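Below is one structure, written out as structure tokens, with a few remarks after it.
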Amino acid sequence: MKRLTLPLELLYSVGPGNATMMVTEFIMLGFGDLKKLGHFLFMVYVIVYLATISGNLLLVVLMSTQQRLQTPMYFLLVNLLCLEVCYTSNIAPRMLEDLLRENKAISLVGCIIQLYFFGALGSTECYLLPVMSYDRYLAVCRPLHYPTLMHGTMCAGLVIGSRVSDFTVAAAFQAAMVPSLTFCGDSEVDHFFCDLKSLQKLSCSHPHLVNLVCMSLTALATLAPFGLSLVSYWRILSTLLHTPSVTSRQKAFSICSSHLVVVTLFYGTLILVYAVPLAGQVSALNKSFSLLCTVVTPMCNPFSYSFKNKDVKEALRKLRS
């Protein structure tokens, strides 16, 4: 018989002939199978987290202060980098704390809050990336119409629209599913953060509704915008193949390739975690892909957007001098 690990606090509801227990805390197992490497993993993830924060914020300051980088593309990129800082900061500090302490308990309210911001920030990024792809499509395929189609008001509207819609609809709906789940005593979450699919495994209530919500949100917030991004880049590729100027072609490839790498990494890991059944069932795979999505990918963004971008490298040289 499986041994149930109960949290320190339980609410008992006694009815006629029955008693139910409602979990008010969860125990985050995190990387429990690598417990002996806890301090080593802590040092590695601290370095990764600090590199993520410093790299993204450096580019935000650079693009916000350098006149040469005051364009719609960099405005969208600044919003993406700020989003990445918030996205990884919702997960990493708690994960680092759990690597060093014995008591890895998190309250039900704290779990719901973390889940809410994970869904909200992730969904916002999912819809911001196709906006950036559309910006690149206009710049490459319709350069004469670009200033009138992608002006400041349009950029601000697209960014605000993606944030408001995702924070108020997709993420709130996802987080609202947690209180509807009934937890019957087992409080060990086999993950390093509060994820809806991990919480579902602890629930003794009917799983079909949660599965339907997960699949619907995955299709709405991941597959649809990923498809829009692919369409934009397919049109860009078609245009570049018919561009006679080798210099123009190389410049466009240099600008678009960095964004394409970010799009592939971000959507790829999300699809593997939430759309592929095997990744959700195998705990090690789920944790690995989630770690890649929430910690590693945000760290790679500053390198992807700076190493291949001549404008950013020139601005960095001016900043150092």
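The first residue in the sequence is number 1, and the count goes up from there. These numbers come from a predicted model, not from an experiment.
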Quiz item: Do we see a donor-acceptor contact under 3.5 Å between the side chains of S89 and Y49?
Solution: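 Y49 and S89 do have a side-chain donor-acceptor pair below 3.5 Å.
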Self-check item: Distance-only donor-acceptor check, side chains E84 and N56, under 3.5 Å
Solution: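 Their side chains do not contain a donor-acceptor pair, so the 3.5 Å distance test is not met.
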Quiz item: Hey, mind stepping through M95 and T294 against side chain to side chain contact (heavy atoms under 4.5 Å, CB included) and telling me if it holds?
Solution: CA-CA 11 Å; M95 178 186 70; T294 57; over 6 Å; no
Exercise. Would you please name every residue forming a salt bridge (Lys or Arg N to Asp or Glu O under 4.0 Å) with R68, sequence neighbours left out?
Key: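 R68: salt bridge (Lys or Arg N to Asp or Glu O under 4.0 Å) contacts with D311.
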Quiz prompt | Residues forming a salt bridge (Lys or Arg N to Asp or Glu O under 4.0 Å) with R94, sequence neighbours excluded | solution =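 For R94, the residues satisfying salt bridge (Lys or Arg N to Asp or Glu O under 4.0 Å) (neighbours in sequence not counted) are D98.
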For the atom pair [atom1] ([X]) and [atom2] ([Y]), what is the distance rounded to the nearest 0.5 Å?
X    : Y    : atom1 : atom2 : answer
N301 : H259 : CG    : NE2   : 10.0 Å
L81  : I53  : CG    : CD1   : 11.0 Å
F75  : N79  : CZ    : CG    : 4.5 Å
M299 : Y45  : CE    : OH    : 11.5 Å
L80  : T124 : CG    : OG1   : 11.0 Å
R163 : L121 : CZ    : CG    : 9.0 Å

Would you say [X] and [Y] make side-chain contact, with heavy atoms under 4.5 Å?
X    : Y    : answer
F118 : Y87  : yes
S290 : H191 : yes
M132 : L77  : yes
L270 : C126 : yes
S232 : R136 : no
V60  : C82  : yes

Quiz prompt | disulfide (SG to SG under 2.5 Å) partners of C293, counting only residues at least two apart | solution =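 Testing C293 for disulfide (SG to SG under 2.5 Å), a comparison that skips the adjacent residues, returns none.
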The criterion is side-chain hydrogen bond (donor to acceptor under 3.5 Å, both in side chains); which residues satisfy it with [X], sequence neighbours excluded?
X    : result
Y146 : D135
E314 : R317
D190 : S283, K287
E125 : none

Self-check item: Non-neighbouring partners of F266 that pass ring-ring contact (aromatic ring centres under 6.0 Å, His included), sequence neighbours left out
Solution: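 So F266 forms no ring-ring contact (aromatic ring centres under 6.0 Å, His included) with any residue.
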Quiz item: Is there a side chain to side chain contact (heavy atoms under 4.5 Å, CB included) between T52 and V85 once you walk through the steps?
Solution: CA-CA 7 Å; T52 301; V85 170; 5.8 Å; no
Practice problem: Check the pair L99 / F192 against side chain to side chain contact (heavy atoms under 4.5 Å, CB included), numbers first and verdict last. | Solution: CA-CA 9 Å; L99 284 171; F192 57 87; over 6 Å; no
Exercise. Return each pair, listed once, that meets salt bridge (charged side-chain N to carboxylate O under 4.0 Å, His left out) where at least one residue sits in residues 43-61; pairs must be two or more places apart or across chains.
Key: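 Sorted pair list comes back empty.
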Practice problem: Please name all residues satisfying side-chain contact (heavy atoms from CB on, under 4.5 Å) with L58, sequence neighbours left out, ordered by chain then number. | Solution: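 So L58 forms a side-chain contact (heavy atoms from CB on, under 4.5 Å) with L316, L319.
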Self-check item: Non-neighbouring partners of L230 that pass side-chain contact (heavy atoms from CB on, under 4.5 Å), sequence neighbours left out
Solution: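 Result, side-chain contact (heavy atoms from CB on, under 4.5 Å) vs L230: F226.
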Quiz prompt | Where V263 and S229 come nearest, the two heavy atoms and their spacing | solution =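 Nearest heavy atoms, V263 then S229: CG1-CB, 4.2 Å.
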Quiz prompt | Shortest non-hydrogen contact between P130 and Y267, atoms and distance | solution =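 For P130 and Y267, the tightest heavy-atom pair comes out as CD-OH, 3.2 Å.
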Quiz prompt | Given T71, V131, L158, the one that forms side-chain contact (heavy atoms from CB on, under 4.5 Å) with L76 | solution =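 Result: among T71, V131, L158, V131 is the only option passing the side-chain contact (heavy atoms from CB on, under 4.5 Å) with L76.
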Quiz item: Taking ILVMFWY side chains as joined if any heavy atoms are under 4.5 angstrom apart, and letting links pass through other members, which residues group with L292?
Solution: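 Cluster partners of L292: V296.
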Quiz item: Would V189 and L29 satisfy side chain to side chain contact (heavy atoms under 4.5 Å, CB included), going step by step from the backbone distance to the final call?
Solution: CA-CA 6 Å; V189 179; L29 295 182; over 6 Å; no
